[in-house]
Amino acid sequence: MDYLQIKRVNSLSGNIKISGAKNASLPLIAMIILAKQSVTINNLPHVADINTLLKLLSNLGAKYERGEHVTTVDTTSLTQTKATYDIVKTMRASILVLGPLLARFGHCEVSLPGGCAIGQRPIDLHLKALEQMGTNINIKAGYIEATAPNGLKGCDIIFDKITVTGTANIIMAAALANGITTITNAAREPEVVQLCEVLDKSGVKIDGIGTAILKITGTSGKLININEFKVIPDRIEAGTYLCAGAITKSELTLTDVNPSHLSAVISKLEEMGSKFTISKTSITIHPSNIIKPVKIVTQEYPAFPTDMQAQFLALATQAIGTSIIEEKLFENRFMHVSELQRMGADISLNGHVATINGGTKLSGTDVMATDLRASSALVLAGLIADGVTDVHRIYHLDRGYDSLEIKLQNVNADIKRLKE
Ligand code: EPZ
(Lines give C-alpha, C1' and ligand atoms only; values in the text may rest on other atoms or scores of the structure.)
Protein backbone atom coordinates (compact mmCIF):
# COMPACT_ATOMS: atom_id res chain seq x y z
CA MET A 1 0.00 0.00 0.00
CA ASP A 2 1.12 3.57 -0.68
CA TYR A 3 1.51 6.32 1.87
CA LEU A 4 2.32 10.03 1.60
CA GLN A 5 5.33 11.49 3.40
CA ILE A 6 5.04 15.22 4.01
CA LYS A 7 7.54 17.69 5.45
CA ARG A 8 6.92 21.32 6.28
CA VAL A 9 8.28 23.93 3.85
CA ASN A 10 8.42 27.71 4.29
CA SER A 11 5.73 28.39 1.72
CA LEU A 12 4.06 27.13 -1.44
CA SER A 13 3.81 29.11 -4.64
CA GLY A 14 2.51 28.74 -8.16
CA ASN A 15 -0.51 27.46 -10.04
CA ILE A 16 -2.67 24.37 -9.60
CA LYS A 17 -4.87 23.15 -12.46
CA ILE A 18 -8.19 21.81 -11.15
CA SER A 19 -9.45 18.51 -12.57
CA GLY A 20 -12.97 17.51 -13.55
CA ALA A 21 -15.43 16.97 -10.70
CA LYS A 22 -15.65 13.40 -9.37
CA ASN A 23 -19.20 13.97 -8.14
CA ALA A 24 -20.32 15.32 -11.51
CA SER A 25 -18.56 12.55 -13.44
CA LEU A 26 -20.27 9.69 -11.61
CA PRO A 27 -23.90 10.53 -12.53
CA LEU A 28 -22.79 11.65 -16.00
CA ILE A 29 -21.22 8.24 -16.64
CA ALA A 30 -24.31 6.43 -15.31
CA MET A 31 -26.43 8.67 -17.57
CA ILE A 32 -24.80 7.08 -20.63
CA ILE A 33 -26.94 3.98 -19.97
CA LEU A 34 -29.74 6.16 -21.44
CA ALA A 35 -27.82 6.87 -24.66
CA LYS A 36 -28.55 5.34 -28.05
CA GLN A 37 -24.95 5.77 -29.22
CA SER A 38 -21.36 6.11 -27.98
CA VAL A 39 -20.74 9.26 -25.92
CA THR A 40 -17.55 11.35 -25.63
CA ILE A 41 -16.69 12.88 -22.27
CA ASN A 42 -13.97 15.48 -21.75
CA ASN A 43 -12.17 16.22 -18.49
CA LEU A 44 -13.02 13.07 -16.50
CA PRO A 45 -10.66 13.10 -13.49
CA HIS A 46 -8.16 10.26 -13.10
CA VAL A 47 -9.40 9.00 -9.75
CA ALA A 48 -10.29 5.53 -8.49
CA ASP A 49 -14.04 6.11 -8.19
CA ILE A 50 -14.34 6.92 -11.90
CA ASN A 51 -12.38 3.79 -12.82
CA THR A 52 -14.68 1.76 -10.55
CA LEU A 53 -17.86 3.02 -12.25
CA LEU A 54 -16.40 2.50 -15.73
CA LYS A 55 -15.51 -1.05 -14.69
CA LEU A 56 -19.06 -1.59 -13.42
CA LEU A 57 -20.47 -0.47 -16.77
CA SER A 58 -18.07 -2.76 -18.63
CA ASN A 59 -19.20 -5.64 -16.41
CA LEU A 60 -22.71 -4.92 -17.72
CA GLY A 61 -21.44 -5.12 -21.29
CA ALA A 62 -20.55 -1.51 -22.07
CA LYS A 63 -17.32 -0.59 -23.86
CA TYR A 64 -15.12 2.39 -23.03
CA GLU A 65 -11.84 3.96 -24.05
CA ARG A 66 -10.10 6.04 -21.41
CA GLY A 67 -7.73 8.73 -22.69
CA GLU A 68 -5.76 11.41 -20.80
CA HIS A 69 -8.36 14.09 -21.54
CA VAL A 70 -11.08 12.32 -23.56
CA THR A 71 -13.08 9.19 -22.75
CA THR A 72 -15.68 7.50 -24.90
CA VAL A 73 -18.32 5.22 -23.40
CA ASP A 74 -20.59 3.00 -25.51
CA THR A 75 -23.51 1.31 -23.77
CA THR A 76 -25.26 0.16 -26.96
CA SER A 77 -24.06 -3.37 -26.20
CA LEU A 78 -25.25 -3.56 -22.60
CA THR A 79 -26.14 -7.21 -22.05
CA GLN A 80 -26.99 -7.49 -18.40
CA THR A 81 -28.45 -5.42 -15.59
CA LYS A 82 -26.92 -6.80 -12.39
CA ALA A 83 -24.53 -4.52 -10.49
CA THR A 84 -22.76 -6.98 -8.21
CA TYR A 85 -21.64 -6.56 -4.60
CA ASP A 86 -17.91 -6.92 -5.37
CA ILE A 87 -17.99 -3.61 -7.25
CA VAL A 88 -20.75 -1.76 -5.41
CA LYS A 89 -19.11 -2.38 -2.02
CA THR A 90 -16.03 -0.46 -3.18
CA MET A 91 -18.05 2.56 -4.22
CA ARG A 92 -21.55 3.21 -2.92
CA ALA A 93 -22.21 5.80 -5.63
CA SER A 94 -22.66 2.77 -7.91
CA ILE A 95 -26.28 3.13 -6.79
CA LEU A 96 -26.43 5.76 -9.56
CA VAL A 97 -26.93 2.98 -12.14
CA LEU A 98 -30.24 1.98 -10.53
CA GLY A 99 -32.38 4.73 -12.08
CA PRO A 100 -30.96 4.57 -15.63
CA LEU A 101 -30.93 0.72 -15.79
CA LEU A 102 -34.55 0.62 -14.65
CA ALA A 103 -35.50 3.34 -17.12
CA ARG A 104 -33.88 1.57 -20.03
CA PHE A 105 -34.58 -2.11 -19.33
CA GLY A 106 -37.53 -2.07 -16.95
CA HIS A 107 -35.62 -4.29 -14.53
CA CYS A 108 -32.26 -4.48 -12.74
CA GLU A 109 -30.53 -5.87 -9.69
CA VAL A 110 -28.20 -3.61 -7.76
CA SER A 111 -26.32 -4.63 -4.65
CA LEU A 112 -27.30 -2.62 -1.59
CA PRO A 113 -24.39 -0.17 -1.21
CA GLY A 114 -24.16 -0.45 2.56
CA GLY A 115 -22.76 2.32 4.67
CA CYS A 116 -19.31 3.78 4.66
CA ALA A 117 -16.92 5.33 7.17
CA ILE A 118 -18.81 8.62 7.41
CA GLY A 119 -22.23 7.19 8.01
CA GLN A 120 -25.08 4.80 7.35
CA ARG A 121 -25.76 6.31 3.92
CA PRO A 122 -29.33 4.99 3.49
CA ILE A 123 -31.01 4.97 0.06
CA ASP A 124 -34.61 4.82 1.25
CA LEU A 125 -35.44 8.09 -0.54
CA HIS A 126 -34.13 6.73 -3.87
CA LEU A 127 -36.27 3.58 -3.51
CA LYS A 128 -39.43 5.35 -2.31
CA ALA A 129 -39.31 7.71 -5.30
CA LEU A 130 -38.81 4.85 -7.77
CA GLU A 131 -41.76 2.98 -6.22
CA GLN A 132 -43.88 6.08 -6.74
CA MET A 133 -42.87 5.92 -10.42
CA GLY A 134 -44.26 2.39 -10.70
CA THR A 135 -41.30 0.25 -9.67
CA ASN A 136 -41.65 -2.99 -7.68
CA ILE A 137 -38.75 -3.08 -5.25
CA ASN A 138 -37.77 -6.34 -3.57
CA ILE A 139 -34.76 -6.50 -1.24
CA LYS A 140 -33.35 -10.03 -1.36
CA ALA A 141 -30.01 -11.34 -0.12
CA GLY A 142 -28.43 -7.91 -0.07
CA TYR A 143 -29.68 -6.93 -3.52
CA ILE A 144 -32.29 -4.47 -4.72
CA GLU A 145 -34.43 -6.31 -7.27
CA ALA A 146 -36.26 -3.59 -9.17
CA THR A 147 -38.83 -4.14 -11.91
CA ALA A 148 -41.07 -1.71 -13.75
CA PRO A 149 -42.93 -4.02 -16.15
CA ASN A 150 -45.03 -1.19 -17.60
CA GLY A 151 -42.15 1.26 -17.72
CA LEU A 152 -41.71 4.18 -15.31
CA LYS A 153 -44.49 6.73 -15.06
CA GLY A 154 -43.96 10.40 -14.46
CA CYS A 155 -45.29 11.62 -11.10
CA ASP A 156 -44.79 14.23 -8.39
CA ILE A 157 -41.89 13.33 -6.10
CA ILE A 158 -41.24 15.23 -2.89
CA PHE A 159 -37.94 14.34 -1.18
CA ASP A 160 -38.23 14.38 2.62
CA LYS A 161 -34.52 15.26 2.72
CA ILE A 162 -32.27 16.78 0.08
CA THR A 163 -30.28 13.94 -1.46
CA VAL A 164 -27.67 14.55 -4.16
CA THR A 165 -27.45 11.07 -5.70
CA GLY A 166 -31.14 10.50 -4.92
CA THR A 167 -31.99 13.53 -7.05
CA ALA A 168 -29.62 12.35 -9.80
CA ASN A 169 -31.10 8.84 -9.79
CA ILE A 170 -34.65 10.11 -10.16
CA ILE A 171 -33.70 12.65 -12.85
CA MET A 172 -32.24 9.78 -14.90
CA ALA A 173 -35.23 7.52 -14.24
CA ALA A 174 -37.61 10.34 -15.20
CA ALA A 175 -35.66 11.04 -18.41
CA LEU A 176 -37.12 7.93 -20.08
CA ALA A 177 -40.39 7.77 -18.10
CA ASN A 178 -43.88 8.09 -19.59
CA GLY A 179 -45.05 11.63 -18.85
CA ILE A 180 -43.83 14.40 -16.59
CA THR A 181 -42.01 13.99 -13.26
CA THR A 182 -41.65 16.86 -10.84
CA ILE A 183 -39.04 16.62 -8.11
CA THR A 184 -39.62 18.94 -5.15
CA ASN A 185 -36.80 19.53 -2.65
CA ALA A 186 -34.30 18.55 -5.35
CA ALA A 187 -30.56 18.92 -4.69
CA ARG A 188 -29.10 22.05 -6.34
CA GLU A 189 -25.43 21.05 -6.29
CA PRO A 190 -23.54 22.12 -9.47
CA GLU A 191 -23.01 18.42 -10.21
CA VAL A 192 -26.79 17.88 -10.35
CA VAL A 193 -27.15 21.04 -12.47
CA GLN A 194 -24.68 19.71 -15.04
CA LEU A 195 -26.54 16.38 -15.25
CA CYS A 196 -29.74 18.33 -15.98
CA GLU A 197 -28.03 20.56 -18.55
CA VAL A 198 -26.56 17.64 -20.49
CA LEU A 199 -29.88 15.76 -20.47
CA ASP A 200 -31.77 18.91 -21.47
CA LYS A 201 -29.40 19.37 -24.43
CA SER A 202 -30.02 15.71 -25.33
CA GLY A 203 -33.75 16.14 -25.82
CA VAL A 204 -35.00 15.50 -22.27
CA LYS A 205 -36.87 18.71 -21.47
CA ILE A 206 -36.06 19.83 -17.92
CA ASP A 207 -37.53 22.98 -16.36
CA GLY A 208 -36.25 24.56 -13.14
CA ILE A 209 -32.61 23.55 -13.61
CA GLY A 210 -30.62 24.82 -10.62
CA THR A 211 -33.71 25.22 -8.46
CA ALA A 212 -35.26 22.94 -5.85
CA ILE A 213 -38.21 22.13 -8.13
CA LEU A 214 -37.41 20.21 -11.32
CA LYS A 215 -39.89 19.28 -14.03
CA ILE A 216 -38.71 16.50 -16.34
CA THR A 217 -40.58 15.46 -19.47
CA GLY A 218 -39.74 11.82 -20.16
CA THR A 219 -39.15 10.33 -23.63
CA SER A 220 -41.47 7.35 -22.94
CA GLY A 221 -38.68 4.83 -23.18
CA LYS A 222 -36.86 6.25 -26.20
CA LEU A 223 -33.06 6.32 -25.77
CA ILE A 224 -31.41 9.72 -26.22
CA ASN A 225 -28.67 11.28 -28.32
CA ILE A 226 -26.01 12.65 -25.96
CA ASN A 227 -23.51 15.02 -27.55
CA GLU A 228 -19.93 15.39 -26.39
CA PHE A 229 -19.59 17.35 -23.13
CA LYS A 230 -16.92 18.51 -20.67
CA VAL A 231 -17.15 17.74 -16.94
CA ILE A 232 -17.29 20.83 -14.71
CA PRO A 233 -14.29 21.59 -12.43
CA ASP A 234 -14.12 19.88 -9.05
CA ARG A 235 -15.15 22.51 -6.50
CA ILE A 236 -14.10 20.33 -3.55
CA GLU A 237 -10.64 19.70 -4.97
CA ALA A 238 -10.40 23.46 -5.55
CA GLY A 239 -11.55 24.25 -2.00
CA THR A 240 -8.99 21.83 -0.64
CA TYR A 241 -6.13 23.64 -2.41
CA LEU A 242 -7.44 27.02 -1.27
CA CYS A 243 -7.17 25.65 2.27
CA ALA A 244 -3.60 24.56 1.45
CA GLY A 245 -2.81 28.18 0.56
CA ALA A 246 -4.51 29.48 3.69
CA ILE A 247 -2.92 27.01 6.13
CA THR A 248 0.62 27.49 4.74
CA LYS A 249 0.06 31.26 4.30
CA SER A 250 1.04 30.93 0.65
CA GLU A 251 -0.30 32.68 -2.42
CA LEU A 252 -1.64 30.04 -4.83
CA THR A 253 -3.56 30.37 -8.08
CA LEU A 254 -6.10 27.76 -9.12
CA THR A 255 -6.85 27.51 -12.85
CA ASP A 256 -9.64 25.73 -14.75
CA VAL A 257 -11.92 26.36 -11.80
CA ASN A 258 -15.47 27.75 -11.58
CA PRO A 259 -15.38 30.33 -8.73
CA SER A 260 -19.19 30.62 -8.69
CA HIS A 261 -19.33 27.05 -7.31
CA LEU A 262 -17.19 28.06 -4.33
CA SER A 263 -19.00 31.08 -2.92
CA ALA A 264 -19.63 29.62 0.55
CA VAL A 265 -16.06 28.28 0.79
CA ILE A 266 -14.47 31.56 -0.33
CA SER A 267 -16.70 33.53 2.03
CA LYS A 268 -15.56 31.42 5.01
CA LEU A 269 -11.90 31.80 4.01
CA GLU A 270 -12.45 35.57 3.80
CA GLU A 271 -13.91 35.47 7.30
CA MET A 272 -10.70 33.72 8.38
CA GLY A 273 -8.61 36.53 6.88
CA SER A 274 -7.77 35.54 3.28
CA LYS A 275 -8.29 37.79 0.30
CA PHE A 276 -8.90 36.70 -3.29
CA THR A 277 -8.33 37.73 -6.89
CA ILE A 278 -11.01 36.04 -8.96
CA SER A 279 -11.50 35.75 -12.73
CA LYS A 280 -13.98 33.64 -14.72
CA THR A 281 -11.84 30.49 -14.52
CA SER A 282 -9.20 31.23 -11.87
CA ILE A 283 -8.88 32.03 -8.18
CA THR A 284 -5.79 33.41 -6.46
CA ILE A 285 -5.72 33.23 -2.69
CA HIS A 286 -3.82 35.99 -0.80
CA PRO A 287 -3.66 34.52 2.70
CA SER A 288 -3.37 36.55 5.87
CA ASN A 289 -0.59 36.03 8.38
CA ILE A 290 -3.10 35.78 11.20
CA ILE A 291 -5.80 33.16 10.62
CA LYS A 292 -9.03 34.16 12.36
CA PRO A 293 -11.34 31.60 14.03
CA VAL A 294 -14.61 30.70 12.32
CA LYS A 295 -18.07 29.23 12.91
CA ILE A 296 -19.23 26.69 10.29
CA VAL A 297 -22.42 24.65 9.89
CA THR A 298 -22.41 22.19 6.98
CA GLN A 299 -25.53 22.23 4.82
CA GLU A 300 -26.69 21.50 1.30
CA TYR A 301 -25.58 23.67 -1.63
CA PRO A 302 -25.27 26.61 -1.93
CA ALA A 303 -24.47 26.69 1.80
CA PHE A 304 -21.17 25.44 3.22
CA PRO A 305 -20.43 21.92 1.87
CA THR A 306 -19.93 18.94 4.18
CA ASP A 307 -17.16 17.79 1.80
CA MET A 308 -15.07 20.78 2.94
CA GLN A 309 -15.64 20.27 6.67
CA ALA A 310 -12.52 18.19 7.38
CA GLN A 311 -10.23 20.55 5.48
CA PHE A 312 -11.54 23.60 7.39
CA LEU A 313 -11.18 21.75 10.66
CA ALA A 314 -7.49 21.25 9.92
CA LEU A 315 -7.19 24.94 9.00
CA ALA A 316 -8.99 25.96 12.20
CA THR A 317 -6.23 24.31 14.29
CA GLN A 318 -4.02 27.19 13.13
CA ALA A 319 -6.50 30.01 13.77
CA ILE A 320 -5.80 32.37 16.66
CA GLY A 321 -8.88 31.70 18.77
CA THR A 322 -11.65 29.15 19.08
CA SER A 323 -13.60 27.84 16.07
CA ILE A 324 -16.85 25.88 16.08
CA ILE A 325 -17.71 23.44 13.30
CA GLU A 326 -21.06 21.62 13.20
CA GLU A 327 -21.54 18.64 10.85
CA LYS A 328 -25.24 18.41 10.02
CA LEU A 329 -25.33 15.93 7.12
CA PHE A 330 -23.43 12.84 8.24
CA GLU A 331 -23.43 11.11 11.60
CA ASN A 332 -19.76 10.13 11.67
CA ARG A 333 -17.72 12.65 9.74
CA PHE A 334 -15.21 13.64 12.44
CA MET A 335 -12.78 10.72 12.18
CA HIS A 336 -9.98 13.09 11.16
CA VAL A 337 -10.28 14.69 14.62
CA SER A 338 -8.53 11.89 16.51
CA GLU A 339 -5.67 11.87 14.00
CA LEU A 340 -5.30 15.66 14.23
CA GLN A 341 -5.33 15.37 18.04
CA ARG A 342 -2.43 12.92 17.77
CA MET A 343 -0.57 15.67 15.89
CA GLY A 344 -1.21 18.02 18.81
CA ALA A 345 -4.43 19.75 17.79
CA ASP A 346 -6.67 20.97 20.62
CA ILE A 347 -10.12 19.80 19.52
CA SER A 348 -13.10 18.67 21.58
CA LEU A 349 -16.16 16.90 20.19
CA ASN A 350 -19.67 17.13 21.56
CA GLY A 351 -21.99 15.13 19.34
CA HIS A 352 -21.96 16.74 15.89
CA VAL A 353 -20.10 19.84 17.07
CA ALA A 354 -16.31 20.23 17.10
CA THR A 355 -14.68 23.00 19.14
CA ILE A 356 -11.18 23.80 17.95
CA ASN A 357 -8.81 25.86 20.11
CA GLY A 358 -6.41 27.07 17.49
CA GLY A 359 -2.88 28.38 17.49
CA THR A 360 -1.43 24.97 18.39
CA LYS A 361 1.83 23.75 16.93
CA LEU A 362 1.29 20.45 15.15
CA SER A 363 3.92 17.72 15.18
CA GLY A 364 4.37 15.29 12.35
CA THR A 365 3.75 11.63 13.05
CA ASP A 366 2.18 8.55 11.48
CA VAL A 367 -1.51 9.19 10.82
CA MET A 368 -4.20 7.08 9.19
CA ALA A 369 -6.67 8.23 6.57
CA THR A 370 -10.19 7.00 7.27
CA ASP A 371 -12.21 8.49 4.42
CA LEU A 372 -11.74 10.64 1.36
CA ARG A 373 -11.95 14.13 2.79
CA ALA A 374 -10.36 13.22 6.13
CA SER A 375 -7.31 12.16 4.09
CA SER A 376 -6.95 15.61 2.56
CA ALA A 377 -7.31 17.23 6.00
CA LEU A 378 -4.35 15.19 7.23
CA VAL A 379 -2.29 16.25 4.21
CA LEU A 380 -3.09 19.91 4.98
CA ALA A 381 -1.99 19.41 8.60
CA GLY A 382 1.19 17.70 7.42
CA LEU A 383 2.09 20.72 5.29
CA ILE A 384 2.55 22.85 8.42
CA ALA A 385 3.45 20.27 11.08
CA ASP A 386 6.97 20.10 12.49
CA GLY A 387 8.90 17.01 11.51
CA VAL A 388 7.62 14.33 9.17
CA THR A 389 3.98 13.36 8.65
CA ASP A 390 3.27 9.98 7.09
CA VAL A 391 -0.35 9.64 5.93
CA HIS A 392 -1.26 5.95 5.59
CA ARG A 393 -4.17 4.23 3.78
CA ILE A 394 -4.24 6.86 1.07
CA TYR A 395 -6.36 4.62 -1.11
CA HIS A 396 -9.11 6.72 0.46
CA LEU A 397 -7.51 9.87 -0.99
CA ASP A 398 -6.97 8.28 -4.41
CA ARG A 399 -10.73 7.82 -4.74
CA GLY A 400 -11.31 11.52 -5.26
CA TYR A 401 -8.10 13.52 -5.76
CA ASP A 402 -6.36 13.43 -9.16
CA SER A 403 -2.54 13.48 -8.73
CA LEU A 404 -2.67 15.34 -5.42
CA GLU A 405 0.99 14.88 -4.48
CA ILE A 406 2.14 15.91 -7.98
CA LYS A 407 -0.01 19.04 -7.92
CA LEU A 408 1.41 19.96 -4.49
CA GLN A 409 5.00 19.15 -5.55
CA ASN A 410 4.50 21.55 -8.47
CA VAL A 411 3.85 24.38 -5.99
CA ASN A 412 6.93 23.57 -3.89
CA ALA A 413 5.46 21.21 -1.25
CA ASP A 414 7.75 18.54 0.18
CA ILE A 415 5.46 15.54 -0.36
CA LYS A 416 6.30 12.08 -1.67
CA ARG A 417 4.31 8.94 -2.43
CA LEU A 418 6.13 5.94 -0.90
CA LYS A 419 5.42 2.23 -0.49
CA GLU A 420 4.66 0.74 2.97
C1 EPZ B 1 -23.22 13.01 -2.26
O2 EPZ B 1 -23.43 11.83 -1.51
C3 EPZ B 1 -21.73 13.11 -2.49
N4 EPZ B 1 -21.28 11.93 -3.25
C5 EPZ B 1 -21.00 13.18 -1.16
O6 EPZ B 1 -19.62 13.37 -1.44
C7 EPZ B 1 -21.52 14.38 -0.39
O8 EPZ B 1 -20.90 14.42 0.88
C9 EPZ B 1 -23.04 14.30 -0.23
O10 EPZ B 1 -23.66 14.16 -1.53
C11 EPZ B 1 -23.63 15.53 0.44
O12 EPZ B 1 -23.29 16.67 -0.31
C13 EPZ B 1 -21.51 11.91 -4.58
O14 EPZ B 1 -22.05 12.82 -5.16
C15 EPZ B 1 -21.01 10.69 -5.31
P16 EPZ B 1 -26.96 12.55 0.08
P17 EPZ B 1 -24.93 11.25 -1.34
O18 EPZ B 1 -27.84 11.50 -0.48
O19 EPZ B 1 -25.73 11.57 -2.52
C20 EPZ B 1 -29.46 11.23 3.87
C21 EPZ B 1 -17.32 13.00 -1.27
O22 EPZ B 1 -16.56 13.23 -0.33
N23 EPZ B 1 -30.15 10.32 2.95
O24 EPZ B 1 -27.07 13.93 -0.43
O25 EPZ B 1 -24.81 9.83 -0.93
C26 EPZ B 1 -27.99 10.85 4.09
O27 EPZ B 1 -27.89 9.90 5.11
C28 EPZ B 1 -18.67 12.37 -1.03
O29 EPZ B 1 -17.06 13.27 -2.48
C30 EPZ B 1 -31.22 9.56 3.44
O31 EPZ B 1 -31.56 9.63 4.61
O32 EPZ B 1 -25.44 12.09 -0.10
C33 EPZ B 1 -27.36 12.18 4.46
O34 EPZ B 1 -27.59 12.41 5.83
C35 EPZ B 1 -18.86 11.94 0.42
N36 EPZ B 1 -31.85 8.71 2.59
C37 EPZ B 1 -28.16 13.20 3.64
O38 EPZ B 1 -29.38 12.54 3.26
C39 EPZ B 1 -31.50 8.60 1.26
O40 EPZ B 1 -32.15 7.82 0.53
C41 EPZ B 1 -27.46 13.67 2.38
O42 EPZ B 1 -27.08 12.51 1.66
C43 EPZ B 1 -30.43 9.38 0.78
C44 EPZ B 1 -29.77 10.24 1.64
Side-chain angles (χ1 to χ4, degrees), residues 19-31 45 47-50 52-53 56 88 90-99 110 112-132 137 139 144 157-172 183 185-195 212 231-232 234-240 261 264-265 297-311 326-333 335-336 352 369-377 396-402:
S19 301
K22 165 182 84 81
N23 290 348
S25 304
L26 293 169
L28 288 168
I29 292 170
M31 168 195 69
V47 297
D49 275 5
I50 301 309
T52 303
L53 189 56
L56 193 169
V88 176
T90 61
M91 188 197 56
R92 57 175 310 288
S94 310
I95 195 68
L96 282 164
V97 301
L98 177 61
V110 177
L112 279 167
C116 74
I118 65 175
Q120 248 252 312
R121 312 296 294 275
I123 54 162
D124 56 308
L125 301 177
H126 301 233
L127 301 183
K128 187 176 148 212
L130 289 171
E131 283 177 325
Q132 270 186 265
I137 299 271
I139 307 290
I144 303 158
I157 307 279
I158 301 178
F159 275 128
D160 297 343
K161 284 176 87 166
I162 295 172
T163 162
V164 173
T165 49
T167 301
N169 240 333
I170 300 310
I171 289 167
M172 293 189 281
I183 303 174
N185 206 17
R188 294 184 284 157
E189 274 68 2
E191 297 77 26
V192 173
V193 169
Q194 183 171 29
L195 175 68
V231 177
I232 58 172
D234 194 316
R235 60 193 169 98
I236 306 301
E237 181 197 22
T240 303
H261 294 163
V265 170
V297 180
T298 64
Q299 293 173 77
E300 295 83 4
Y301 193 89
F304 187 90
T306 175
D307 292 349
M308 284 300 305
Q309 179 260 102
Q311 299 91 314
E326 183 177 0
E327 171 54 60
K328 290 195 81 167
L329 271 83
F330 292 112
E331 58 271 32
N332 189 33
R333 202 169 198 177
M335 282 173 299
H336 37 288
H352 291 179
T370 49
D371 59 85
L372 170 56
R373 306 303 171 183
S375 323
S376 64
H396 290 292
L397 190 101
D398 293 339
R399 294 189 51 178
Y401 285 96
D402 188 341

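When a ligand or atom number is given, it counts from 1 through the structure's own listing order. Since this is a predicted model, take the numbers as computed values, not measurements.
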pair R121-P113: side-chain heavy atoms closer than 4.5 Å: no
Which is closest to atom 24 (O) of ligand 1 by heavy-atom distance: V47, T298, V164? V164
Going by heavy-atom distance to atom 43 (C) of ligand 1, choose the closest among G166, P122, A374. P122
Relative to the heavy atoms of K22, which atoms of ligand 1 are at a distance of less than 4.0 Å? 21 (C), 29 (O)
Side chain, backbone, both or neither: D307 near ligand 1, heavy atoms under 4.0 Å: side chain
Which of the numbered atoms in ligand 1 are below 4.0 angstrom from a heavy atom of R373? 21 (C), 22 (O), 29 (O)
Part of Y301 within contact of ligand 1 (heavy atoms, under 4.0 Å): neither
With a cut-off of 4.0 Å, which atoms of ligand 1 are near a heavy atom of L26? 15 (C)
Of D371, T306, T298, T370, which meets side chain to side chain donor-acceptor pair (under 3.5 Å) against R333? T306
Assess Q120 for proximity to ligand 1: is some non-hydrogen atom of it under 4.0 Å away? no
Proximity flag R333 to ligand 1, non-hydrogen atoms under 4.0 Å: yes
Under 4.0 Å from ligand 1, counting heavy atoms only, is it the side chain of L125, its backbone, both or neither? both
Would you say G119 contacts ligand 1, with heavy atoms under 4.0 Å as the rule? no
Within a distance under 4.0 Å of any heavy atom of N23, pick out the atoms of ligand 1 and give their elements. 3 (C), 4 (N), 6 (O), 13 (C), 14 (O), 15 (C), 21 (C), 29 (O)
Part of R92 within contact of ligand 1 (heavy atoms, under 4.0 Å): side chain
In ligand 1, the atoms that come under 4.0 Å of a heavy atom of L329 are 11 (C), 33 (C), 34 (O)
Quick test: of every protein heavy atom, which one is nearest to atom 17 (P) of ligand 1, and how far off is it to 0.1 Å? T165 OG1, 3.6 Å
For residues 158-170, which side-chain donor-acceptor pairs fall under 3.5 Å, sequence neighbours excluded?
from	atom 1	to	atom 2	distance (Å)
D160	OD2	K128	NZ	3.1
T163	OG1	G166	N	2.9
T167	OG1	T163	O	2.6
T167	OG1	A187	N	3.0
N169	OD1	G99	N	2.8
N169	ND2	I95	O	2.9
N169	ND2	H126	ND1	3.1

So does K22 pair up with E191, basic N to acidic O under 4.0 Å? no
Honestly, for H126 the part within reach of ligand 1 (heavy atoms, under 4.0 Å) is both
Which residue and non-hydrogen atom of the protein lie closest to atom 20 (C) of ligand 1, and at what distance in Å? K161 NZ, 3.8 Å
What part of I162, side chain from CB on, backbone N/CA/C/O, both or neither, has a heavy atom under 4.0 Å from ligand 1? backbone
Taking 4.0 Å as the limit for heavy-atom contacts, which would you say applies to T306 with ligand 1: side chain only, backbone only, both, or neither? side chain
Mind checking whether E327 contacts ligand 1 via backbone (N, CA, C, O), side chain (CB onward), both or neither, at a 4.0 Å heavy-atom cut-off? neither
Taking only heavy atoms of I123 into account, list the atoms of ligand 1 that are under 4.0 Å away from them. 39 (C), 40 (O)
Between S94 and V110, is any pair of side-chain heavy atoms under 4.5 Å apart? no
